[in-house]
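Residue numbers start from 1 in every chain, and the chains themselves are labelled A, B, ... in the order their sequence lines are given, proteins ahead of strands.
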Amino acid sequence: MKRRAIEILLGLIFLVAGVIKACDPNAFYSTIDAYRLLPSVLVLGLAYYLPYLEIVLGLGLMTKVMAFECSCVMAGLVGVFLFALISAWLRGLNIDCGCFGPADSSVGYLAPILRDAVVGAAVLYCIRVNLMPEAPPERG
Amino acid sequence: MRFNGKALVPAIIPAMRMLSRAFAIAQARVSRNLALLFLIPLLPALAVFCFHASRGTLPKLVSWMPEVSVKEAAGWENIIWVDARPKVEYEQAHKEGAIWLSEDQWQDGFPRLLDAWQPGYNVVVYCSSQSCQTSQAVARRVRTETAWNHVYVLQGGWGKLKDASLSKP
């Protein structure tokens with residue numbers, strides 16, 4: 001039960017984040033571009049692709065369709081988000097996190113990094129539980 | 001009874017074969033699913049991209065700094081005006097409080113801009129007219145060197161600003 005609750009919550013987080021970003025690709029483009037990690041053309045492609053990837057991953061985990069694969073891709077995404085945040089922090093950039101679209105103007109870097117770390121831990125938990133079959137109910 | 005390792009070999013080999021076959025099948029399934037996961041979002045993303053491209057609403061690449069109209073800028077409270085015109089024109093007339101900034105004499109005005117900026121401020125760069133590209137170049141350089149998010153180019157430049165009576169000669 002706890003396992004399903006974590007999966008649904010995590011799926012919902014990705015779904016909401018994806019929908020918010022998909023609603024305004026222009027603003028999301030500016031947000032990713034501000035990290036200055038990729039050439040503009042790639043940023044443009046990501047601004048359109050990433051929100052739908054998040055939506056698909058969220059739906060997959062919530063409905064248990066390809067849950068293991070969804071968790072693995074989520075782990076990769078969270079790793080990339082963490083890398084981007086930490087690198088922006090180290091380079092002294094003064095930018096918004098944008099983790100939940102343009103409306104997310106979290107101040108500073110510590111809060112978004114901690115939030116991503118918690119999400120990352122939940123994703124790792126989902127990978128682990130999806131690798132192992134659920135224990136059969138005890139007979140008593 | 002003595003342990004005979006050789007007797008296990010006929011049992012281990014088929015078990016290893018079975019495991020490697022199972023692993024190959026699992027790997028193929030995961031690879032296929034992963035490919036599907038990455039391909040499915042591509043369809044809506046391409047559809048929205050094409051829709052925006054047909055309407056001309058794609059984001060401008062970083063070589064084009066975002067533009068702001070005089071009317072929009074008039075509604076903002078915290079603005080730092082940057083004048084990217086030749087110095088002679090700046091000395092004749094400029095927006096009140098505007099900082100003169102030229103790519104050729106960058107160090108003359110850039111420290112003043114750094115001093116004036118505070119979080120939440122919008123930097124609006126203008127040059128002579130709509131067709132002038134100096135403001136784009138100056139705005140791009142400001143953004144590159146500072147990583148400030150809110151750096152804009154004024155649509156229509158000084159001409160529009162003067163017409164809108166926002167300027168003070």
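Scanning residues 70-80 of chain A against chain B with a 4.5 Å non-hydrogen threshold yields A:C70, A:V73, sorted by number.
By the rule that hydrophobic residues join a cluster once side-chain heavy atoms approach within less than 4.5 Å of another member, B:L36 and A:Y49 end up as members of one cluster. Side-chain heavy atoms closer than 4.5 Å link hydrophobic residues (I, L, V, M, F, W, Y) into clusters, and following such links, even through other members, never connects B:W100 to B:Y126. A single hydrophobic cluster is not seen to contain both A:L50 and B:L43; linkage of ILVMFWY side chains at heavy-atom distances under 4.5 Å, directly or through other members, places them apart. A:W89 and A:F83 end up in the same hydrophobic cluster when Ile, Leu, Val, Met, Phe, Trp and Tyr side chains are linked at under 4.5 Å. A:V118 and A:L85 end up in different hydrophobic clusters when Ile, Leu, Val, Met, Phe, Trp and Tyr side chains are linked at under 4.5 Å.
If you measure heavy-atom distances from A:L57 to chain B, the contacts under 4.5 Å come from the side chain alone.
Not counting sequence neighbours, the partners of A:E54 by the salt bridge (Lys or Arg N to Asp or Glu O under 4.0 Å) test are A:K21.
Under the 3.5 Å distance criterion, the side-chain polar atoms of A:Y52 are left unmatched by any main-chain donor or acceptor of B:I40.
In this structure, OH on A:Y48 lies 14.0 Å from CG on B:L42, to the nearest 0.5 angstrom.
Contact of the A:L44 side chain with the B:F49 side chain is registered, since non-hydrogen atoms from C-beta on lie closer than 4.5 Å.
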